Q: 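Mind having a look at this structure? Questions to follow.
This one's a predicted model, so the numbers in the text were calculated from it and none came from an experiment.
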Amino acid sequence: MEALISANVGSALPYGEDPWTAAATERFRALIDQDVEVLFTFGGTGANIAALGSLLAPHEAVICPAGAHINVDECGAAERFVGAKLIDVPTADGKLVPEAVLPLLRGAHGEHNVRPRVIAISQCTELGTVYTLDELGDLASLAHAHGLLLYVDGARIANAVAALGCTARDLFHGTGVDVITFGGTKNGLIYGEALVFLQADLALRARFARKQATQLASKMRFIAAQFDALLRDELWLANAAKANQMAKRLANAIAEVPQVEITQPVQANSIFARLPGSVVRELQNWSFFWDWGTGLVRWMTNFATDEQDVARFAEGVRFFSSAAGARPSTF
């Protein structure tokens, strides 16, 4: 908020021709230690559309996990606005592996088939799991060996860096990924995402794709100023590390609760658990969270979650799972 107030003083040129956008771009370049191209957008779906729209020809396709955000959580935006076919691959833990992708790269029937051009993954995945640096490197190597690009939806990229204990340079520059989004909205920004192109030539069409995707902000400084503040003094990493820590704390607090099964390793800031439907309904009436169906739920923590929040929610999980004891207090 302070950054926004500061950016609201005086006048500035529009569409990113302002000091704040220049400063935030340089912060990204320093963070990654590479002369990357950075484009700011309003939100994650828009960032995905702008990126994929700049990378694909009309006859090309995207290979992605079946549970990928672009496939199940963006209301068909990729199909409608990019016009690309999504080839979705079932996964057990949200992560693509080269062995699952390789068969899709063989035996194309000439002009009768779409041609895969992009492998698109999320880091962290939609099941809260985190690709290791080696896993990212293996996917990038496979993509490049077959003339494809590796695109990473990084709405929670800060949580992944914190979980891996690596640097941003390790993840961006050291793995071979080609284009990656750097999420701001889920890490403290009011709104805003950054598209980071590791190769300048891949960004040539991106500015036009961003405009067509209605993601070109005339007052770009209000997005850039937030990123300038987020990247200063590693605030982005501190926010993510706290969110991850609170998720692990919650997982530990409910690990022995009857009728609660944590279904995925808690690596970042999400917990996926399976509970009886009656417990889910009672718990949701007390404190909202997303129900993923068939008793699977998702509990998220963020930079603002504190130990008191975790203790109170764990109290609620224990109460509604056992239907005994004192009713938990409300948030």
Side-chain angles (χ1 to χ4, degrees), residues 1-51 124 153-162 167-169 172 180-197 203 206-207 209-247 268-269 288 300-309 331:
M1 290 299 295
E2 291 173 357
L4 286 169
I5 291 169
S6 175
N8 197 40
V9 176
S11 59
L13 291 175
Y15 304 117
E17 300 296 327
D18 61 83
W20 293 271
T21 300
T25 299
E26 288 306 313
R27 286 199 185 276
F28 272 107
R29 289 171 177 166
L31 182 70
I32 302 168
D33 192 26
Q34 186 175 339
D35 192 21
V36 294
E37 293 293 320
V38 183
L39 299 181
F40 297 107
T41 67
F42 290 109
T45 297
N48 287 334
I49 296 307
C124 310
D153 177 346
R156 294 187 176 90
I157 196 68
N159 301 95
V161 173
T167 66
R169 186 186 191 281
F172 282 72
I180 190 165
T181 60
F182 192 101
T185 308
K186 290 181 170 64
N187 200 27
L189 269 63
I190 295 173
Y191 60 91
E193 310 288 304
L195 267 174
V196 181
F197 293 83
R207 293 183 183 275
R210 178 178 61 170
K211 176 65 176 181
Q212 287 189 328
T214 71
Q215 293 296 304
L216 177 61
S218 58
K219 296 181 179 179
M220 190 73 71
R221 65 188 184 275
F222 291 120
I223 299 176
Q226 294 180 76
F227 270 109
D228 187 36
L230 188 70
L231 298 182
R232 191 181 307 138
D233 301 324
E234 294 197 329
L235 176 61
W236 66 279
L237 191 57
N239 281 355
K242 182 184 178 185
N244 291 1
Q245 180 186 11
M246 291 299 103
N269 67 320
F288 175 79
M300 301 295 301
T301 55
N302 62 31
F303 67 94
T305 306
D306 59 28
E307 294 179 4
Q308 185 179 12
D309 296 328
F331 285 100

Q: Roughly how far, to the nearest 0.5 Å, is CG of Asn244 from SG of Cys124?
A: 7.0 Å
Q: Is Asp309 reaching over with its side chain to a backbone N or O of Asp306, donor-acceptor style, under 3.5 angstrom?
A: yes
Q: Among Gln245, Lys242, Met246, whose side-chain contact (heavy atoms from CB on, under 4.5 Å) with Thr301 holds?
A: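 With Thr301 as partner, Gln245, Lys242, Met246 yield a single side-chain contact (heavy atoms from CB on, under 4.5 Å), made by Met246.
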Q: Checking Arg27 side chain against Asp228 main chain: does a donor-acceptor pair fall under 3.5 Å?
A: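 Judged by distance alone, yes, a pair lies under 3.5 Å.
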Q: Could you measure the distance from the CG atom of Leu4 to the OG atom of Ser6? Nearest 0.5 Å is fine.
A: 9.5 Å
Q: Verify side-chain contact (heavy atoms from CB on, under 4.5 Å) between Phe227 and Trp236, making sure each step is shown before the conclusion.
A: CA-CA 9 Å; Phe227 270 109; Trp236 66 279; over 6 Å; no
Q: Should we say atom CD of Gln34 is surrounded by more than 12 heavy atoms from elsewhere, each under 6.0 Å from it?
A: yes
Q: Quick test of your reading of the model: are Arg169 and Asp33 salt-bridged, counting only N-O distances below 4.0 Å?
A: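 Here Arg169 pairs with Asp33 in a salt bridge, since their nearest N and O are under 4.0 Å apart.
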Q: Under 30°, 30 to 60°, or over 60°: which ring-plane class applies to Phe182 and Phe28, parallel, tilted or perpendicular?
A: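 It falls in the perpendicular class, over 60°.
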Q: For the CG atom of Leu189 and the CD1 atom of Ile223, what is their distance to the nearest 0.5 Å?
A: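 Going from CG on Leu189 over to CD1 on Ile223, the span is 9.0 Å.
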Q: Got Tyr191 and Gln226 here, is their nearest side-chain heavy-atom distance under 4.5 Å?
A: yes
Q: Sub-3.5 Å donor-acceptor pair from the side chain of Glu193 to the main-chain atoms of Gly43, do we have one?
A: no
Q: Taking atom CG of Leu13 and atom CZ of Arg221, what is their separation to the nearest 0.5 Å?
A: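 Here the interatomic distance stands at 9.5 Å.
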Q: Are the side chain of Asn239 and the backbone N or O of Asn187 linked by a donor-acceptor pair below 3.5 Å?
A: yes
Q: Keeping Arg210 on the side-chain end and Ala217 on the backbone end, is there a donor-acceptor pair under 3.5 Å?
A: no
Q: Where do Arg29 and Glu37 land on the side-chain contact (heavy atoms from CB on, under 4.5 Å) test, with the steps shown first?
A: CA-CA 8 Å; Arg29 289 171 177 166; Glu37 293 293 320; 3.9 Å; yes
Q: Mind checking the CG-CG spacing from Leu31 to Leu231? Nearest 0.5 Å is all I need.
A: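 Between Leu31 CG and Leu231 CG, I get 6.0 Å after rounding to 0.5 Å.
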Q: Supply the atom-to-atom distance Leu216 CG to Arg207 CZ, rounded to the nearest 0.5 angstrom.
A: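 Here the rounded value is 9.0 Å.
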